[in-house]
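Letters A, B, ... are given to chains in the order of the sequence lines, protein chains preceding strands, and every chain is numbered from 1.
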There are 2 protein chains.
Amino acid sequence: MLTDRQLLILQVIVDDFIRSAQPVGSRSLSKKEEISFSSATIRNEMADLEELGYIEKTHTSSGRVPSEKGYRYYVDHLLSPQALNKQDISIIQSIFAERIFEFEKIIQKSAKILSELTNYTSIVLGPAASFNKLKRIQIIPLNKESAVAIFVTDSGHVENRTFYLPPSVDASDLEKTVNILNERLTGVALEDLNDKIYKEVAMLLRQHIRNYDLMMHTIADSLKMPVNEKLFFGGKTNMLSQPEFHDISKIRDLLQMIDHEEWIYPLIKNDSAGINVKIGRENNNSAMENCSLITATYSVGAESLGTIAILGPTRMEYSRVISLLQFLSNDLTSVLTKLYQKY
Amino acid sequence: MLTDRQLLILQVIVDDFIRSAQPVGSRSLSKKEEISFSSATIRNEMADLEELGYIEKTHTSSGRVPSEKGYRYYVDHLLSPQALNKQDISIIQSIFAERIFEFEKIIQKSAKILSELTNYTSIVLGPAASFNKLKRIQIIPLNKESAVAIFVTDSGHVENRTFYLPPSVDASDLEKTVNILNERLTGVALEDLNDKIYKEVAMLLRQHIRNYDLMMHTIADSLKMPVNEKLFFGGKTNMLSQPEFHDISKIRDLLQMIDHEEWIYPLIKNDSAGINVKIGRENNNSAMENCSLITATYSVGAESLGTIAILGPTRMEYSRVISLLQFLSNDLTSVLTKLYQKY
DNA sequence: TGTTAGCACTCATCGAAGTCGAGTGCTAAT
DNA sequence: ATTAGCACTCGACTTCGATGAGTGCTAACA
């Protein structure tokens, strides 16, 4: 495999390029403290590294730039885990300074602060509400034709759906229905509601309500709409300041992708727990060619709840970003766990 | 004032520049059908128009470009009201094709379609919920320390607030409170709730509930957070395709502004009813220097409810955009009026 | 045998100089 | 009042050479 000296050179090249965004030449490398051999030697080593695919030239006589493979190796083996400085830590902790009612607020603030600390774009996937347990259902008729159903979970999350009332249903039917639903469904996870309604509640409704099936379908239907995890962004325009995005068409592709939430989900979801780094084309997305995405999950107990992510150029400060995400996701997890534990 | 010939020339210049984004020269003008005099004559007239401030040169020997004053005059006096084509009309009407429960859906779809039809950025200010009437309040305790208050309006809009319970309050207190609130506040506009609570409900609560004041403040406080009208956007990245925004720094300013909702409100609010056109610096915003903003209000009956707007370059297809907004706002108004009339 | 100095070569970047063409303003003739 | 004609301007584009940071290769060296 690679010799120690090659590793050293690779590391310094990546570090330098991350800092300067300029191709790194042998002469400037040889002047670095860490490096004690001549530029000619470095040139030889660099030729080898290039042949192995870790670095590239932008043109025949240019300095070297890390390739995706180079970044990959750097992230996997050469990253010097960098301690966060105290200021960063206190800024992150300020997220939790206020008394907290709603995750959304925390999540939103997290996204904002992450993007400000890094100058990259942050993406935060809000906590999945789907396994929250139902606390209470209310149905409030608006007029003869429609009513709004309100679902409150044990975590204080509120979902509501407006639906048309079947013509035959009257107020007392509604009341009975609500009672039955509350009796049977309290404590059930949102994602299981639909199932449970058909399996357990249908029978009961049949006994008490005329036209129970219409009613039931209506309610069950209104629950089918996914309780989608919300996405929050911070620093959407930060990428505009990155030198690799001087090209308008690249910017456009990227911003277009950011503005389509449905395209973001597949990027940041279904990663394994913990920190994940996807570099350039590893994201399987043409708009992300020059971008890396670092994700971290946060959780309650063992259950992974959501994701925080940083989107930056491949030339990203991996070490710092990873530390930040690590730290924030830990904090999120512990705060949320404390919060959930109450219920 | 301006002679007919000058008006003609101004109009053709603006039309041509809107189409081509290129400065318009005397020679190319003289070749137009509408124009029957020579390029030299046009040059003389253009010199006059320039002196009067309606057109500008980009450099000494360039063609002419409309100034803000020129656009203003064009919009105020020269605009040929353009009939919408049938396709546009049917696309707009597709917004209302589905059965409608929630304004938000309509509004969102409106924003999307407006931006697609125009290739500019659309901004839609959702209907103000503040004058909706309260239909029902529910308070649902989550645990010993906190509860969530739910406010349902006659239009089916649901607001919820989580709050800490004063320690001395128990379940029966809550129930009584809710009853009193519902009795007294049903039918009151959201914006009047806070007032009404202190003026009318306080007394009643005092009679029935221990520590009524703590409870009351808590609830009233939770209502103080503004029931903010939501903003919806369409085509945020469309401006990236406009040739006047080849400059990254301009783009950044603009996109940054679009991403700060709080900066958008002052731009599109407190305009008089109907169509409003703000050109360039009329928007009082440095990021909008090369942009125009066209807004239209939609309403229920006489009450103006919200705003739809198109943000484009000053070189915008004023005629078409105005027609589109006019048409859509009319449709929105009539659909919403029908909807509201029910209650 | 690994390291290094030296050298020829490559290529992006920059500025100067030149050409082209679309445009203008002005003047004089119609 | 209109227009043809002409000198002039200036941005856009091209060419050219100089500069300098970088490379690869070779030969000398420890």
- prompt: Quick check: are there more than 12 heavy atoms from other residues, nucleotides or ligands sitting under 6.0 Å from CG of B/Asp4?
  reply: no
Contact under 4.0 Å: A/Arg5 side-chain N or O vs C/dG2 OP1/OP2: no
message: Counting the atoms with a prime plus P, OP1 and OP2 as sugar-phosphate, which does A/Thr41 contact under 4.0 Å by heavy atoms, base, sugar-phosphate, or nothing?
response: base
task: Rounded off to whole Å, could you give me the CZ-to-C1' distance for the A/Arg64 and D/dG22 pair?
output: 9 Å
query: Rounding to a whole Å, what distance do you find between B/Ile9:CD1 and D/dT2:C1'?
result: 13 Å
message: Tell me the interatomic distance from A/Ile42, atom CD1, to D/dG22, atom C1', rounded to whole angstroms.
response: 13 Å
- prompt: Is a side-chain donor or acceptor of B/Ser39 paired with a backbone partner of B/Ser30 at a separation under 3.5 angstrom?
  reply: no
- prompt: Rounding to a whole Å, what distance do you find between A/Glu51:CD and D/dT23:P?
  reply: 16 Å
message: Determine whether a donor-acceptor pair (N or O, by modelled atom type, separation under 3.5 Å) exists between the side chain of A/Glu68 and the backbone of A/Arg281.
response: yes
- prompt: Do side-chain atoms of B/Ser67 reach the backbone of B/Tyr54 as a donor and acceptor pair under 3.5 angstrom?
  reply: yes
message: Measure CG/B/Leu49 against C1'/C/dT24 and give the value in whole Å, please.
response: 15 Å
field: Interatomic distance where CZ belongs to A/Arg27 and P belongs to C/dA5 [whole Å]
entry: 12 Å
- prompt: Which of these nucleotides, D/dT23, D/dT3, D/dG11, is closest to any side-chain atom of A/Met46?
  reply: D/dT23
message: So if I take every side-chain heavy atom of A/Lys57 and compare against C/dT4, D/dT23, D/dT2, which nucleotide ends up nearest?
response: D/dT23
message: When you measure only distances, ignoring hydrogens and angles, does the side chain of B/Ser61 come within 3.5 Å of the base of C/dT24 through a donor and an acceptor?
response: no
message: Taking 4.0 Å as the cut-off, does a side-chain nitrogen or oxygen of A/Arg43 come that near to OP1 or OP2 on C/dT3?
response: no
task: Establish, from distance only, whether the side-chain atoms of B/Arg43 and B/Ser26 form a donor-acceptor pair under 3.5 Å.
output: yes
- prompt: Which whole-number value in Å describes the distance from A/Asn44 CG to D/dT23 C1'?
  reply: 11 Å
field: Atom pair distance, as rounded to whole Å: NZ in A/Lys31 and C1' in D/dG22
entry: 12 Å
message: Under 4.0 Å from OP1 or OP2 of D/dT9: is there any side-chain N or O of B/Thr60 that close?
response: no
- prompt: With nearest nucleotides of DNA chain D determined for B/His59 and B/Phe37 from heavy-atom distances, which residue corresponds to the more 5′ nucleotide?
  reply: B/Phe37
